[in-house]
Amino acid sequence: MQYDFKEVEKKWKNRWYDENIYATNDDAKGEKKYVLVEFPYPSGSGLHVGHAFSFTAGDVYSRYMRMRGYNVLFPMGWDAFGLPTENYAIKTKRKPQEVTKENTEMFKQQMKDLGFSFDWDREVNTTDPDYYKWTQWIFIKLFEKGLAYKDEMPINWCPSCKIGLANEEVVDGNCERCGTPTEKRNISQWIVKITDYADRLIEGLKDTAFIDKVKAAQINWIDRKEWIDITYPIDGSSESVTVATTRPDTNFGATFIVLAPEHRLVDLLLKGDIITDQNIDSIREYVKKARNKSELDRQKEVIGREKTGVFTGMYAVNHLTGRKMPIWITDFVLSSVGTGAVVGVPGHDVRDFEFAQQFELPIVRVVVGKDGDMSEITKKEQVQEEEGTMINSGFLDGLDIKEATRKVMDYIEDKGWGKRSIRYHLRDWIFSRQHYWGEPIPMIHCDSCGWNPVPESDLPIKLPELDHYEPTDTGESPLAKVEEWVKTVCPKCGGVARRETDTMPNWAGSDWYFIRYLDNGNNSEIASMDKMKAWLPVDVYIGGDEHNTLHLLYSRFIYQFLYDLGHVPTSEPYYQRISHGVILGPDNRRMSKSKGNVIVPEDVTVKVGVDATRAYLMFIGPFDGTMAWNDNALMGVKRFVDRLYRMFITKYPEAGQDSEDVSRILHKTIKFATDGLASFQNNTVVAKWMELLNFLEKQDASNISKGTFEAFTKMISPIMPYIAEDLWNFMGYEFSVHQQSWPEYDEKWLQSDVVEIPVQINGKLKGKVEVSTDATEEDVKITVFANDQLKASLDGANIRKIIYVKGKIANIIV
RNA sequence: GGUCGAGUGGUGGAACUGGCAGACACGUGGGACUCAAAAUCCCAUGCUAGCAAUAGCGUGAGGGUUCAAUUCCCUCCUCGACCACCA
């Protein structure tokens with residue numbers, strides 16, 4: 001009898017949801033387990049195989065944990081604001097609200113088809129006004145605590161489309177839509193001060209069990225360093241220049257200073273407030289060209305690119321050496337890093353070296369590496385960050401670089417030439433987007449009172465439904481055109497005022513969604529404290545590496561902020577973070593429509609069934625690996641499902657008593673699955689089930705008990721929910737296998753009285769002997785000599801030593 | 001350039017805490033069933049030599065520690081992911 005997956009899937013799918021067997025009760029007994037998978041952006045192209053992969057893993061883990069007696073929360077929702085929907089709506093002249101509704105319904109159906117055991121009663125949608133009311137509320141709290149401010153910041157600007165672009169819309173410095181190189185434009189934007197939490201975000205990692213690479217990614221992204229800002233007088237002027245450096249130990253090797261084109265001194269120079277004997281026009285021309293380059297352009301092909309620059313005619317005096325250092329302007333210095341001015345140490349920095357060579361500036365060596373090599377400096381060997389010894393550096397000579405850094409910092413501060421400061425690579429968070437399809441920023445501007453938040457009682461500030469969503473040619477949000485929406489009254493003085501027309505970035509709604517699952521209908525709080533105390537923190541958070549720095553960091557920041565205000569119960573939102581891998585196309589390249597190598601989950605399930613698809617996804621490789629899709633291997637898993645079904649149908653009716661061999665392999669497999677499913681090693685768990693099936697297929701039905709069939713069915717149910725349910729029903733048990741408890745293994749079947757151990761002679765495998773589990777070395781020796789083959793190998797040899805590792809191996813040294 | 005990770009058969013990948021390398025699957029070869037094909041089932045399958053028993057070699061390269069190394073240490077090579085003129 002052939003396994004008809006279509007019939008079986010149809011039979012059980014609706015019953016699971018009709019009877020709502022996956023709903024989570026807050027008060028159910030059992031320890032809580034909050035399992036979270038990153039909620040998707042519901043695009044028009046439907047569920048991607050990557051979604052299917054990571055959601056299946058979360059589903060398997062949740063189902064397994066439920067069977068283990070945990071009260072599991074496994075929710076799902078929609079991160080539905082965003083540009084693709086907006087662009088699609090513009091193109092098709094439809095409402096984003098409508099498109100979103102369609103897409104989420106499609107996603108939901110596809111998820112149900114794949115058998116995911118989400119508790120749909122807790123569904124959230126970031127575009128739902130009842131949801132974004134609280135996203136807006138969080139913003140107001142940030143503003144009230146001084147963590148949101150308005151400032152002019154450069155944005156990416158497409159001169160052809162005449163719109164502002166998000167960073168995500170700029171691909172290799174070009175506009176994603178039309179391919180035109182982007183420019184920068186200064187626009188007043190809301191900024192959120194995430195840097196105030198930089199240290200907390202590093203500290204808090206100690207209270208989590210994130211995998212090491214995630215912790216490392218966050219720490220490196222924040223990148224806390226001690227700098228020193230040194231102020232140099234400018235020769236023959238009352239002006240001075242302040243540089244920022246983390247390596248003042250190399251200051252004796254400083255031979256020039258370079259300024260970012262946006263630097264304050266450059267402006268003074270161009271205005272004529274500083275007089276120079278250099279050609280001011282050539283300076284003006286260089287600065288203009290450099291400033292017009294986009295940020296992305298300036299960061300492209302960084303190392304080895306020809307350095308450009310222009311001399312200002314000014315000199316700064318190095319306190320330590322008295323050397324007059326020429327001040328240059330160059331585009332490789334970024335105004336947003338440090339003070340926008342760098343002291344050039346060409347002996348020990350690759351970029352400074354390239355610059356010095358380009359413009360024939362002196363190169364002085366002040367550090368030797370551990371090999372003591374003093375040959376001519378090349379790019380390769382000139383950076384010593386870990387260890388090195390100072391030379392040509394006066395009072396620092398002979399010191400290690402770390403020690404020298406400390407000493408010279410103290411010295412410079414004592415002399416009043418400079419001051420230490422802590423700086424981060426992490427920047428404040430640009431929170432404004434000049435687009436329609438996002439949460440309106442709930443702020444009101446009044447000419448006399450400035451910026452004030454919308455009163456909480458007025459939340460949510462709903463997105464007005466428009467006929468046109470096109471971004472405007474002024475770089476303003478399309479909302480700016482909706483006069484009747486923009487015009488409002490000042491919450492402070494009651495006078496005429498205008499709403500903020502920018503919307504929030506995508507991250508805003510996804511920062512805190514896991515909180516809303518706990519209490520998605522709550523109208524007076526983000527969620528009730530009781531419910532949060534019952535469920536938080538999230539126990540396991542499954543997501544992609546691309547979110548390790550942005551989403552995960554923003555989310556932790558917002559949560560820590562809410563904790564400080566007493567709105568959430570724990571200091572960290574997520575306990576464990578697991579990275580899922582990537583599934584490549586059959587051609588071993590990343591899936592993309594243009595390459596035509598996209599695998600659509602729906603096509604696969606139609607061909608082989610949901611269970612085979614899920615089992616294949618779990619079998620394809622290690623959970624965090626990069627794996628290529630393989631249709632042949634998929635068919636292998638389908639064969640496994642078919643064989644499993646056939647074995648049950650033919651053998652179960654004749655079931656008898658377990659033979660010892662059957663008991664042994666069954667309990668070993670249960671133990672393996674018990675450990676494997678708990679640690680996301682699903683690929684090896686599926687392999688063990690295959691072994692078990694291969695073994696049972698060869699057994700007479702009378703040697704297999706009904707209990708074994710039952711345990712096998714329960715065991716596979718997390719990965720293969722449909723066939724498990726059907727076999728459960730076939731065996732005459734009551735609905736549903738998914739409400740059964742996990743099978744127990746019996747220790748006694750894991751050990752045996754006798755064990756076959758390999759025998760090595762001088763470390764080389766020569767044979768095997770069977771000994772009792774608690775055999776002594778002497779017993780083993782006797783057994784070995786009773787074995788003809790081994791006896792022959794040892795013939796005439798002088799035994800020097802026998803190493804016997806109990807139950808593992810014997811090694812005879814001759 | 002930085003950070004993290006990975007190199008194992010023809011392929012994807014197993015191997016607990018140093019203890020039989022290659023589980024499981026794919027692919028390939030052979031066979032059964034069939035008029036034939038598909039499907040299914042059975043056998044073989046790391047490489048080299050040999051009819052065979054067997055022997056030698058084998059986890060990116062080289063060295064080391066150990067009775068024993070895919071696993072630990074040192075040097076080097078290659079690949080991947082993320083980040084990047086961050087001073």
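Side-chain atoms are counted along with the backbone in the values below, which use heavy atoms only and exclude waters and symmetry mates. All chains are named by letter (A, B, ...) in the order of the sequence lines, taking the proteins before the strands, and each is independently numbered beginning at 1.
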Using a cut-off of less than 4.0 Å, is there contact between a side-chain N or O of [X] and OP1 or OP2 of [N]?
| X | N | answer |
| --- | --- | --- |
| A:Arg351 | B:C86 | yes |
| A:Lys764 | B:C57 | yes |
| A:Asn630 | B:G12 | no |
| A:Asn683 | B:A14 | yes |
| A:Asn694 | B:A25 | yes |

For this session: For RNA chain B, just give me the dot-bracket, please: Watson-Crick or G-U, both distances below 3.5 Å, ( ) intra-strand, [ ] crossing earlier pairs, | paired with another strand, . unpaired.
Result: (((((((..(((......[....)))((((((.......))))))((((....))))..(((((..]....))))))))))))....
Please answer whether the main-chain N or O of [Y] pairs with a side-chain N or O of [X] as donor and acceptor at a distance below 3.5 Å.
| X | Y | answer |
| --- | --- | --- |
| A:Tyr645 | A:Phe5 | no |
| A:Asn318 | A:Phe252 | no |
| A:Asp349 | A:Val345 | no |
| A:Asn597 | A:Arg590 | yes |

Closest listed nucleotide, where the reference is the side chain of [X] and the choices are [options]:
| X | options | result |
| --- | --- | --- |
| A:Arg639 | B:C86, B:U40, B:G12 | B:U40 |
| A:Arg590 | B:G27, B:A15, B:C82 | B:C82 |
| A:Gln681 | B:C85, B:A15, B:C4 | B:A15 |
| A:Met627 | B:A25, B:A23, B:G13 | B:G13 |
| A:Glu691 | B:C86, B:A23, B:A15 | B:A23 |
| A:Lys766 | B:A25, B:C86, B:G56 | B:G56 |

Problem set entry | Glycosidic conformation of B:G58, taking syn as within 90° of 0 and anti otherwise |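 With its glycosidic angle more than 90° from zero, B:G58 counts as anti.
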Rounding to a whole Å, what distance do you find between [X]:[atom1] and [N]:[atom2]?
| X | N | atom1 | atom2 | result |
| --- | --- | --- | --- | --- |
| A:Leu553 | B:C83 | CG | P | 14 Å |
| A:Glu546 | B:G80 | CD | P | 19 Å |
| A:Ile219 | B:G2 | CD1 | P | 19 Å |
| A:Asp223 | B:C4 | CG | P | 12 Å |
| A:Tyr616 | B:U11 | OH | P | 16 Å |
| A:Lys688 | B:G13 | NZ | C1' | 14 Å |
| A:Asn588 | B:G80 | CG | P | 11 Å |
| A:Leu617 | B:C24 | CG | C1' | 17 Å |

Exercise. Starting at the 5' end of RNA chain B and moving along, which residue's nearest nucleotide shows up first, A:Arg643 or A:Ala628?
Worked result: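 Looking at RNA chain B, the more 5' nearest nucleotide goes with A:Ala628.
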Exercise. A:Asp545 or A:Thr684: which one's nearest nucleotide on RNA chain B is closer to the 5' end?
Worked result: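 Whichever sits nearer the 5' end wins; that is A:Thr684.
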Exercise. Hey, which of A:Val241, A:Ile230, A:Thr250, A:Asn251 is the one that makes side-chain contact (heavy atoms from CB on, under 4.5 Å) with A:Val343?
Worked result: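 Going through A:Val241, A:Ile230, A:Thr250, A:Asn251 one by one, the side-chain contact (heavy atoms from CB on, under 4.5 Å) with A:Val343 is satisfied by A:Asn251 alone.
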Exercise. Do you know the tightest heavy-atom contact between A:Asn548 and A:Ser579?
Worked result: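 Closest heavy-atom pair between A:Asn548 and A:Ser579: ND2-OG, 4.2 Å.
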Problem set entry | Polar side-chain contact A:Lys307-B:C85 base: donor and acceptor under 3.5 Å |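 Flag set: donor-acceptor pair detected.
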For this session: Using the six-membered ring wherever Trp is involved, compare the ring planes of A:Trp629 and A:Tyr616 and label them parallel, tilted or perpendicular (cut-offs 30° and 60°).
Result: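 Ring orientation of A:Trp629 relative to A:Tyr616: perpendicular.
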Classify [X] by what it touches in the nucleic acid, base, sugar-phosphate, or nothing, heavy-atom distance under 4.0 Å.
| X | answer |
| --- | --- |
| A:Phe619 | base |
| A:Gly636 | sugar-phosphate |
| A:Ile620 | sugar-phosphate |
| A:Thr626 | sugar-phosphate |
| A:Trp221 | sugar-phosphate |

Exercise. Would A:Phe359 and A:Phe256 count as a close aromatic pair, with their ring centres under 6.0 Å?
Worked result: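 Not under 6.0 Å, so no.
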Problem set entry | Row check, A:Tyr541 ring normal vs A:Arg577 NZ/CZ: under 6.0 Å, within 45° |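 So A:Arg577 does make the cation-pi contact.
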Problem set entry | side chain to side chain donor-acceptor pair (under 3.5 Å) partner of A:Lys307, chosen from A:Gln357, A:Gln358, A:Glu354 |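 For A:Lys307, the side chain to side chain donor-acceptor pair (under 3.5 Å) check succeeds only for A:Glu354.
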Exercise. A:Asp229 pairs by side chain to side chain donor-acceptor pair (under 3.5 Å) with which of A:Lys419, A:Arg423, A:Arg420?
Worked result: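 Exactly one option meets the side chain to side chain donor-acceptor pair (under 3.5 Å) with A:Asp229, and it is A:Arg423.
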Exercise. If the P atom of B:A55 is compared with that of B:G60, how far apart are they to the nearest Å?
Worked result: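 The answer is 26 Å between these two P atoms.
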Review item, nucleotides 19-22 of chain B N/O atoms under 3.5 Å of protein N/O:
from  : atom 1 : to       : atom 2 : distance (Å)
B:C20 : O2     : A:Lys768 : NZ     : 2.5
B:C20 : N3     : A:Lys768 : NZ     : 3.2

